[in-house]
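Shown next, in structure tokens, is the structure this report addresses.
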Amino acid sequence: PFTDRPLADIVAIQAESFFDARRLHPAIPPDLLRNYDACTAEACYSGRLTVPARGAYTMRTEFAFLSGLPNEALGYHRFNPYLLLCKTPVWTIAQLLRSFGYRTVCIHPFHASFFDRNEVMPNLGFDAFQDIASFAGAPSFGPYISDVAVADRICALLRRQDEGSDDRPLFVFGITMENHGRWERDRLAAYPADERIEAEPLGSHELGLYLRHLCNTDAMIEKVMTELNARPSAGVFCLYGDHLPSLPDAFRASDYEDPRTDYFIWRKGGAFPRRLDTTADMLGRLMLDATLALDSWPASNATTLIAE
């Protein structure tokens, strides 16, 4: 059933510290995430995402998404599944898609050795891993490579403009860095201010900085959506937050205690939108369900298929 139809290109982005920060206070401008809103309005699935991390430990959510394994099932590996567990091959959604004929590429604009990703990503089913060395000359926004630069790299991959590209369907897994802490006051001093964003919303300069980065995440969403819509082939786009940002003053001021992030899974051509709160380890199953483009096939069947 997987090879008798054209296979969609798939983009999945783990967006650093992404969540809908407009929940913190009604004064936060609603148009900061207008492209995110457009995606969720058309998404096959969207909602809140329960993740196994808060403020740090990105690799826990990363592994949950790729492997489909809940964090509590990992024993002591739950603290850092990349330290030992992934030093040998592990089944993941990337392994499955590769068996369907996909080329699988992971991009992460940071040092390859961080969390041992240079050793781990081949064991998780990726044909190629493009780290910060692949972003030479790419623009930063603050101390890290910008989300817009990540979008540009994803679009180049979709256009088959990178070394090693071929005519296979493509699974791109992007892990962004722009929204990563720390939140020093002068972090964005060299960049133009956004007149919509106060310097210290809720009395927190950290939140003011975070919201400026969040606008760039939204611009990344627009670029990827535009590219997928412009292509003649089918496309699926999943984006989710790995964990909440570390913004203790803002969370305290707004009495915000919800540890969940947000996600969407969008398919080109539209779908019956489903609002579904879920967990990071279920997200890959839902992405596969959207990729198969069978609205009559419940996600529970996809879950059973992958589990088997």
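This one's a predicted model, so the numbers in the text were calculated from it and none came from an experiment. Values below: all heavy atoms of this structure, side chains included; hydrogens, waters and symmetry mates excluded.
- Residues that satisfy the side-chain contact (heavy atoms from CB on, under 4.5 Å) test with Glu227, not counting sequence neighbours, are Cys155, Leu158, Arg159, Arg231.
- For Pro29, the side-chain contact (heavy atoms from CB on, under 4.5 Å) partners two or more places apart in sequence, or in a different chain, are Asp31, Leu32, Arg196.
- Counting heavy atoms from C-beta on, the side chains of Ile145 and Met177 never come closer than 4.5 Å.
- Applying the side-chain hydrogen bond (donor to acceptor under 3.5 Å, both in side chains) criterion to Thr279, with sequence neighbours excluded, gives Asp281.
- Among residue pairs with one or both ends in residues 98-107, those qualifying as salt bridge (charged side-chain N to carboxylate O under 4.0 Å, His left out) are Arg98-Asp127, Arg103-Asp162; sequence neighbours excluded.
- Judged as a side-chain hydrogen bond (donor to acceptor under 3.5 Å, both in side chains), and not counting sequence neighbours, the contacts of His108 are Arg117.
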Would you mind writing out the side-chain donor-acceptor pairs for residues 130-141 within the sub-3.5 Å range, not counting sequence neighbours?
from	atom 1	to	atom 2	distance (Å)
Gln130	OE1	Arg153	NH1	3.2
Asp131	OD1	Ala133	N	3.3
Asp131	OD2	Ala112	N	3.2

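- Not counting sequence neighbours, the partners of Phe65 by the ring pair (Phe, Tyr, Trp, His ring centres under 6.0 Å) test are Phe173, Tyr240.
- Residue pairs that meet the salt bridge (charged side-chain N to carboxylate O under 4.0 Å, His left out) test with at least one member in residues 211-220, sequence neighbours left out, do not exist here.
- For Asn118, the side-chain hydrogen bond (donor to acceptor under 3.5 Å, both in side chains) criterion is met by no residue, not counting sequence neighbours.
- The side-chain contact (heavy atoms from CB on, under 4.5 Å) search around Pro122 returns none, not counting sequence neighbours.
- The side-chain contact (heavy atoms from CB on, under 4.5 Å) check on Ala151 picks up Met220, Lys223, Val224, with sequence neighbours excluded.
- Residues satisfying the side-chain hydrogen bond (donor to acceptor under 3.5 Å, both in side chains) test with Glu200, not counting sequence neighbours, are Arg185.
- Checked for salt-bridge contact, Arg252 and Asp249 meet the test: a charged N lies under 4.0 Å from a carboxylate O.
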